[in-house]
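What's counted below: heavy atoms across the whole structure, side chains too, no hydrogens, waters or symmetry copies. All of these numbers come straight from a predicted model, not from anything done at the bench.
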Amino acid sequence: MPELPEVETIARGVDKRVRGDRIVQAWFASHPQPFKTPPARQSKGLAGRVILAVHRTGKHIVFELGAAGGAGDARGRKALKRAEAKAPAEAQWIVHLGMTGRLLVTTPESPVARHTHARLALESGRELRFVDPRRFGRLEFRDLLRGAAFGAPGAEPLTIGAREFATLFRGRRLAIKAALLNQTLLAGVGNIYADESLFQAGIRPRRRANRVSRAELERLRLALREILTHAIRLGGSSVSDYVDADGARGFFQLEHCVYQRTGEPCRRCQTPIRRVVLAGRGTHYCPECQH
DNA sequence: CATTTCACCTGGTGGC
DNA sequence: TGCCACCAGGTGAAAT
């Protein structure tokens, strides 16, 4: 399940591969999911555009796109890389991977995987593909000349300050873990990193958000920042079959303290890790270390 | 409005 | 071996 570190890893990998390339043609499947923008409008909007940059916002991957020039544009990819900083984006393609979504950069001849919902033919001769068995992902196209740029509703956990972080939870009576998962408050935290950061901060997932002290919230903010940063460095957590744009697995799953360690000894105190269901999700914590 | 529940999907697992 | 119930969880709509 891609969360912030996995999405960041994928966005960096895709950026490295396709920045400066041009979308020659785009094909989309015909079923309604996973398209936030109708597929016909997406393929029309993407065709001919240069990819200026690819980056992450929350759990979304955002492709910044230039004007739809013809194939006759003589500028090479290197020149476009240099021009990127100056050229304002005129459109965006926004990819949310949901639970099982993958972005692949392949050759056109490479066999098309089952559940491939989008194929973008690039001028370099390669192909960018979106594969998502469960179709929980979302693909959206935005024309910035006619509408607003994409912005994640929630704050970025890597850069949010202490005061703003504390404000997010003020007056909220829901469980602190449910609040962490709410993307309109914080953008990018999912089930794995919610459980791991609550463990590191020593806070029980079921505690009501407004009953968590200021000092504990600050521990939580720092734990989140540290864990997310560390996970990005390790290429994310590979649970089930997650891989990055290179097909490489991440390594942070080896450092999980509680997530999917039900019954196993706590790394800090040896007490068996407990599992409960909270907000409809498997939730893991140490009854000894978290209060 | 705040909060909770559930539907959306498919693949993998475990029981029989 | 085959069949089926069940689980996984990000998101957004519907219900409370």
Worksheet item: Over how many whole Å does the gap from Phe35(A) atom CZ to dC8(B) atom P extend?
Response: 19 Å
Worksheet entry | Arg233(A) NZ/CZ over Phe251(A) ring centroid, <6.0 Å and within 45° of normal | no
Worksheet entry | Side chain of Lys59(A) - closest among dT3(B), dG10(C), dG12(C) | dG10(C)
Discussion item. Which nucleotide wins on minimum distance to the side chain of Met99(A), given the candidates dT11(C), dG10(C), dT3(B)?
Written reply: dG10(C)
Discussion item. Distance check, P atoms only: dC9(B) and dC3(C), in whole angstrom units.
Written reply: 25 Å
Discussion item. Whole angstroms only, please: what is the CG-P distance between Leu185(A) and dT11(C)?
Written reply: 13 Å
Discussion item. Among dT3(B), dG11(B), dT11(C), which nucleotide has an atom closest to any side-chain atom of Pro133(A)?
Written reply: dG11(B)
Discussion item. Just the rounded figure in Å: distance from P of dA2(B) to CD1 of Ile176(A).
Written reply: 16 Å
Discussion item. If the cut-off is 4.0 Å, is Arg173(A) near the phosphate of dA2(B), judged by side-chain N/O to OP1 or OP2?
Written reply: no
Fill in: Distance-only polar pair, side chains of Ser213(A) and Glu216(A), donor-acceptor under 3.5 Å
yes
Worksheet item: Has Arg114(A) got a side-chain N or O lying under 4.0 Å from the OP1 or OP2 atom of dG11(B)?
Response: yes
Fill in: Aro-ring/base stack Phe136(A)-dC8(B), d under 5.5 Å, angle under 30°
yes
Discussion item. Can you measure Arg208(A) atom CZ to dA2(B) atom C1' for me and round it to whole angstrom units?
Written reply: 12 Å
Worksheet item: Are Gln183(A) and dG10(C) close enough that a side-chain N or O sits under 4.0 Å from OP1 or OP2?
Response: no
Practice prompt. Taking only the side-chain heavy atoms of His115(A) (C-beta and beyond), determine which of dT3(B), dG11(B), dG10(C) contains the nearest atom.
Written response: dG11(B)
Item to complete: Specify the separation, in whole Å, of atom CG of Asn210(A) and atom C1' of dT3(B).
Response: 13 Å
Discussion item. Strictly below 4.0 Å: does Arg281(A) bring a side-chain N or O up to OP1 or OP2 of dG10(C)?
Written reply: yes
Worksheet entry | Leu139(A) CG to dT11(C) P, straight-line distance once rounded to whole Å | 14 Å
Discussion item. Counting the atoms with a prime plus P, OP1 and OP2 as sugar-phosphate, which does Arg275(A) contact under 4.0 Å by heavy atoms, base, sugar-phosphate, or nothing?
Written reply: sugar-phosphate
Worksheet entry | Basic-acidic side-chain contact under 4.0 Å: Asp132(A), Arg102(A) | no
Response to the item:
Rounded to whole Å, CG of Asp132(A) lies from P of dT11(C) at a distance of 12 Å
Worksheet entry | Side chain of Arg172(A) (C-beta onward), nearest among dG12(C), dT10(B), dT3(B) | dT3(B)
Item to complete: Take the protein atom NZ of Lys36(A) and the nucleotide atom P of dG12(C), then report the distance between them rounded to whole Å.
Response: 5 Å
Item to complete: Determine the interplanar angle of the Phe252(A) and His256(A) rings, folded into 0 to 90°, and report it as parallel if under 30°, tilted if 30 to 60°, perpendicular if over 60°.
Response: perpendicular
Discussion item. We want to know whether Trp93(A) and Gln42(A) form a side-chain donor-acceptor pair, criterion being a heavy-atom distance below 3.5 angstrom.
Written reply: yes
Worksheet item: Within less than 4.0 Å of OP1 or OP2 of dT11(C), is there a side-chain N or O belonging to His96(A)?
Response: yes
Practice prompt. Please determine, by modelled atom types, if His284(A) and Gln260(A) share a side-chain donor-acceptor pair under 3.5 angstrom.
Written response: no
